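Here the structure is a predicted model, which is why all the values come from computation and not from measurement.
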Amino acid sequence: VRMRDLQEVSSIPNLKVFQISFAENSKASERKHLIEQAVDIVLNSSSIEYTNNMLWTDENITKQLEDKGVKKWEWNQKI
């Protein structure tokens, strides 16, 4: 099942980690749309502390996320 809308994620209370991944055969346009939604969710969240969105964002968006205090999620990271 492919998700096309992530907006419901923003209603999860106290979400600390927001991680996204894509199937190898996902379309670039779908990935771009989901990445844009994911960035918007993180930038507007008061609880998300970690995300892997930086893997797919440019320097400007990455800086916005970092300036907000959001850290890049690493697989071996402990919370």
Side-chain angles (χ1 to χ4, degrees):
V1 176
R2 291 191 179 178
M3 294 192 69
R4 300 195 193 298
D5 188 357
L6 300 175
Q7 293 306 317
E8 290 297 316
V9 171
S10 63
S11 66
I12 299 173
N14 302 316
L15 181 64
K16 300 286 183 202
V17 178
F18 183 39
Q19 179 181 355
I20 57 175
S21 62
F22 303 100
E24 287 183 29
N25 63 345
S26 61
K27 295 179 181 178
S29 61
E30 290 175 354
R31 286 193 308 266
K32 182 177 186 249
H33 177 70
L34 291 173
I35 292 165
E36 289 170 354
Q37 285 185 18
V39 167
D40 186 54
I41 289 167
V42 173
L43 288 175
N44 290 300
S45 170
S46 60
S47 64
I48 296 175
E49 298 176 9
Y50 300 92
T51 187
N52 68 341
N53 289 356
M54 286 90 150
L55 296 173
W56 297 284
T57 58
D58 62 24
E59 292 175 6
N60 293 331
I61 300 296
T62 298
K63 181 164 178 15
Q64 287 179 37
L65 293 166
E66 291 171 346
D67 288 349
K68 187 177 187 302
V70 177
K71 298 169 192 79
K72 182 179 176 186
W73 173 255
E74 301 289 342
W75 286 105
N76 59 352
Q77 194 148 354
K78 294 183 181 181
I79 299 176

Test item: [X] and [Y] side chains (from C-beta on) under 4.5 Å apart, heavy atoms:
X     : Y     : value
Ile35 : Phe22 : yes
Leu34 : Ile20 : no
Leu55 : Lys72 : yes

Between Ser21 and Trp56, which heavy-atom pair has the shortest distance, and what is it?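 Nearest heavy atoms, Ser21 then Trp56: CA-CH2, 4.4 Å.
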
Can you tell whether the side chains of Lys32 and Glu36 come within less than 4.0 Å, N to carboxylate O?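 Result for this pair is yes, salt bridge flagged.
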
Look up atom [atom1] in [X] and atom [atom2] in [Y], then write down how far apart they are to the nearest 0.5 Å.
X     : Y     : atom1 : atom2 : value
Met54 : Lys71 : CE    : NZ    : 9.5 Å
Ile48 : Asn14 : CD1   : CG    : 11.0 Å
Ile61 : Asn53 : CD1   : CG    : 10.0 Å

Quick one: does Ser10's side chain have a donor or acceptor within less than 3.5 Å of a partner on Ile41's backbone?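 Judged by distance alone, no pair lies under 3.5 Å.
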
Looking at Lys68, I'd like to know if its NZ atom is crowded, meaning that more than 12 non-hydrogen atoms belonging to other residues, nucleotides or ligands lie closer than 6.0 Å.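 Yes, the 6.0 Å shell around NZ holds more than 12 heavy atoms from other groups.
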
Are there more than 12 heavy atoms of other residues, nucleotides or ligands under 6.0 Å from atom CD of Glu8?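 Atom CD in Glu8 is not crowded, with 12 or fewer foreign heavy atoms closer than 6.0 Å.
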
